[in-house]
J.: 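My questions will all concern the structure given below.
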Amino acid sequence: MRYRMEGASILTLNAQGDQFENGQLTWEDGTIVSVGPIDSDLQPVDQVIHVSHGYILPGLLNGHNHAAMALFRGVADDSPLNEWLTQYIFPMEAKLSPEDIYIGTLLACSEMIHSGTVGFVEMYFAVEQVAKAVVQSGLRGWIARGITGDRSSGNGALEDGLGFAERWGGHRLITPMLGPHAPYTLSPEMARTIGEAAQANHLGIHIHLAESLKEVDDLKALGLSPVSWAKSTGLLETWAVIAHGVHLSDEDIAVLQHVIGGIIACPISNAKLGNGIMPYPLLRKAGVAVGLGTDGAASTNTLDMFLEMKAMAWFQKLREGRPDQFRALDALLMATQGTAKVLAHAGGVLAVGCPADFIMVEARSAHMTPEQDVIANLVYAASGHDVRYTVVDGQILMAEGMISVFDEREVMAEATLRAQHLIG
Ligand SMILES: [Zn+2]
């Protein structure tokens with residue numbers, strides 16, 4: 001089937017910054033076959049979707065998530081990271097059934113589709129259920145099996161992750177990864193074992209690093225930083241998607257320059273847990289790939305990447321004390337090509353041969369008027385609620401604000417019941 005969307009402005013986000021007012025985008029078999037001004041491609045198509053007064057742009061890629069934690073939204077808000085994890089989150093996670101994780105992930109997917117996210121990087125357990133929900137939702141998922149503990153307690157999770165990778169490797173929408181959780185939840189020996197397994201099986205890793213000052217201080221006693229700890233265990237020898245990167249020294253950044261992969265900024269989670277602000281200008285200057293993510297909805301409350309883009313821009317301006325150090329376009333590029341680069345994924349741009357992963361954002365609203373600066377409106381004025389269409393791998397997951405791939409009301413009702421049981 002060949003599809004075409006036309007009538008809205010197209011922001012390609014390509015290197016030339018091409019935009020087509022009244023454009024058309026044509027796709028087939030999950031791939032963009034043409035993009036340009038209206039009537040630039042006269043080849044017949046099976047379906048034409050007319051849209052107007054809005055923008056078609058690459059879909060957003062959420063580089064760090066724990067999707068099923070959407071069930072814990074609003075639990076123990078305003079607590080410090082350590083207390084929040086050990087007194088609230090870990091005990092509730094111990095009660096989670098695979099079915100809870102399936103429903104929680106679908107709830108998160110529903111929120112992501114609504115707010116223009118086309119793919120996300122996940123770290124959790126019961127990854128078989130996560131993958132089932134992701135495939136049902138039609139989103140792309142880079143799914144890492146979370147692993148904690150030492151060689152005896154963590155080995156089961158590693159085996160589980162390797163089994164998952166064997167079953168799902170090569171799937172069109174799913175990329176399995178291994179998820180060594182963090183320096184403070186893993187023994188160095190277990191981290192080394194995970195790194196070796198990742199290399200032997202050609203898998204990437206997804207890890208939390210340099211998130212809080214406590215993590216930095218605890219490792220200082222061993223003469224290490226979070227990044228040097230990860231390097232010393234061999235975890236950075238493979239493709240690495242590193243969440244947070246808030247507290248980084250010059251030596252850390254020199255190490256990160258040689259990592260295949262990159263860092264995912266999670267500004268709202270970092271702010272809410274009082275952890276600090278990433279030194280983005282230093283990473284950019286060093287040429288480290290940096291993408292954007294929300295972290296789980298338990299810490300960030302929402303998976304809306306539009307809000308995350310605003311937060312990224314605000315906090316960088318605050319950190320540097322200068323508004324011109326981080327522009328609206330920087331935020332939009334981080335949320336699209338930035339994350340794509342960390343993932344070595346071809347998305348984040350609308351060009352022939354690229355994945356048909358895009359969104360249409362409505363501009364017919366008071367808060368998007370006037371349209372002096374489209375990028376500023378998208379980053380600073382829009383929210384996820386303005387997204388009307390979400391298309392992934394050529395499949396229309398949401399049309400006119402309605403999700404067509406599953407019954408989201410049923411998912412919300414079920415999630416409410418399950419959350420009451422888990423929290424109560
Ligand atoms: Zn996280």
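The model shown is predicted, which means the values in this text are computed figures rather than measured ones. Counting convention: from 1, in listed order, for ligands and their atoms alike.
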J.: Show, in sequence, the C-alpha distance, side-chain angles and deciding distance for Phe326 and Trp314, and conclude whether the ring pair (Phe, Tyr, Trp, His ring centres under 6.0 Å) test is met.
T.: CA-CA 9 Å; Phe326 194 95; Trp314 292 338; over 10 Å; no
J.: Using the side chain to side chain donor-acceptor pair (under 3.5 Å) rule, pick out the option among His385, Arg388, Glu408 that qualifies with His114.
T.: Glu408
J.: Examine Lys132 relative to Tyr102 and say whether NZ or CZ is less than 6.0 Å from the centre of the six-membered ring and inside a 45° cone about the ring axis.
T.: yes
J.: What protein N/O/S atoms lie closer than 2.8 Å to the Zn ion (ligand 1)?
T.: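 Protein N, O or S atoms closer than 2.8 Å to the Zn ion (ligand 1): His64 NE2, His66 NE2, His208 NE2, Asp295 OD1.
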J.: Taking all non-hydrogen atoms of both residues, which atom of Pro355 and which atom of Ala346 are closest, and how far apart?
T.: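 Shortest heavy-atom separation between Pro355 and Ala346 comes out as CD-O, 3.6 Å.
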J.: Could you tell me how the ring of His244 sits relative to the ring of His208: parallel (under 30°), tilted (30 to 60°) or perpendicular (over 60°)?
T.: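 Taking His208 first and then His244, their aromatic rings lie parallel (interplane angle under 30°).
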J.: Please determine whether a side-chain nitrogen of the Lys or Arg among Asp77 and Lys272 lies less than 4.0 Å from a carboxylate oxygen of the Asp or Glu.
T.: yes
